[in-house]
Amino acid sequence: MVERLPIYQNGDRAGDLLRREDGLHTVFQADCPGRLGEGVRKVWLCGDGAERMLLGTLAPEGSCWRLTRRLARSGLERAGLTGAVWGEIDPAQTGTDPEQTQNGLPIRPRDPVIAAALAAERPGRWQRVGDRWQITYAWQPGQPMPLRPLFCFARVGRGEVSFLLTDRGYPSAEG
């Protein structure tokens, strides 16, 4: 049996969280059609009280944003989320605002994880593409992927990999 739970973003319904039992596990599938705003978005499983558990990061899939997670029922029990009643979408921002520091890049990443990845990475080739920035690195299969936190947004080309970012450093699936 599949149970349909609502997913909210900023108090508005943003999609559905499908829940089904699979042996000793529970499978959750988040399905959010349309635009969710810019930036990396996380889905949290929420219960009746203050219980919350991170399900993961939404990924673009056609015109939707999706995520599928298979969790042990015992872990849900320990977290007090066996009777989870909804999902919440939050931006993946934590910590201080990196915009207050000079980073020497053409963008000012607001997400500290993305800012740290850019700061730790070897220099790439930056160019403006419409209202976005594209950063390109020389890369071959078998080599470590640059900007690992953004690997799912990578555009692999011949001998290179590139990422499309907004002025605030959020990944963009458009372009």
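Please read all numbers here as calculations on a predicted model, not as lab measurements.
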How far apart are the closest heavy atoms of [X] and [Y], and which atoms are they?
| X | Y | answer |
| --- | --- | --- |
| Gln140 | Gly159 | NE2-CA, 3.1 Å |
| Ala30 | Val43 | CB-CG2, 4.4 Å |
| Ile107 | Gly169 | CD1-CA, 3.6 Å |
| Met53 | Gly75 | CE-O, 3.8 Å |
| Leu81 | Gly47 | CD2-N, 3.4 Å |
| Phe28 | Leu45 | CZ-CD2, 3.6 Å |

Hey, are the side chains of [X] and [Y] touching, using non-hydrogen atoms and a 4.5 Å cut-off?
| X | Y | result |
| --- | --- | --- |
| Met145 | Val161 | yes |
| Cys64 | Asp31 | yes |
| Leu54 | Lys42 | yes |
| Pro171 | Ile114 | yes |

Cut-off 3.5 Å, no hydrogens considered: what does the side-chain donor-acceptor table look like for residues 115-127, sequence neighbours left out?
{"from": "Glu121", "atom 1": "OE1", "to": "Leu147", "atom 2": "N", "distance (Å)": "3.2"}
{"from": "Arg122", "atom 1": "NH2", "to": "Ala138", "atom 2": "O", "distance (Å)": "2.6"}

According to salt bridge (Lys or Arg N to Asp or Glu O under 4.0 Å), who are the partners of Arg128, at least two apart in sequence or on a separate chain? Asp167

Same cluster for [X] and [Y] if Ile/Leu/Val/Met/Phe/Trp/Tyr side chains link at under 4.5 Å?
| X | Y | answer |
| --- | --- | --- |
| Trp139 | Trp133 | yes |
| Leu5 | Leu76 | yes |
| Trp86 | Leu18 | no |

Parallel, tilted or perpendicular, judged at 30° and 60°: which one describes the rings of Phe153 and Trp65? tilted

Examine the side chains of Ser172 and Arg132 and answer whether a donor and an acceptor come within less than 3.5 Å of each other. yes

Could you check whether Ser162 and Glu160, counting side-chain N and O atoms only, form a donor-acceptor pair closer than 3.5 Å? no

Would you call Arg73 and Glu21 a salt bridge, using N to O less than 4.0 angstrom? yes

Going from [atom1] on [X] to [atom2] on [Y], what distance comes out if it is rounded to the nearest 0.5 angstrom?
| X | Y | atom1 | atom2 | answer |
| --- | --- | --- | --- | --- |
| Leu55 | Thr68 | CG | OG1 | 10.5 Å |
| Ile7 | Arg4 | CD1 | CZ | 10.5 Å |
| Arg66 | Gln29 | CZ | CD | 6.5 Å |
| Leu164 | Tyr170 | CG | OH | 15.5 Å |
| Arg155 | Thr136 | CZ | OG1 | 10.0 Å |
| Leu71 | His25 | CG | NE2 | 8.5 Å |

Can you check whether Gly56's main-chain N or O pairs, donor with acceptor, with Trp44's side chain at less than 3.5 Å? no

Any donor-acceptor pair under 3.5 Å linking the side chain of Arg148 with the backbone of Leu150? no

Does the side chain to side chain contact (heavy atoms under 4.5 Å, CB included) test come out yes or no for Ile89 and Cys32, once each step is laid out? CA-CA 10 Å; Ile89 298 173; Cys32 301; 3.6 Å; yes

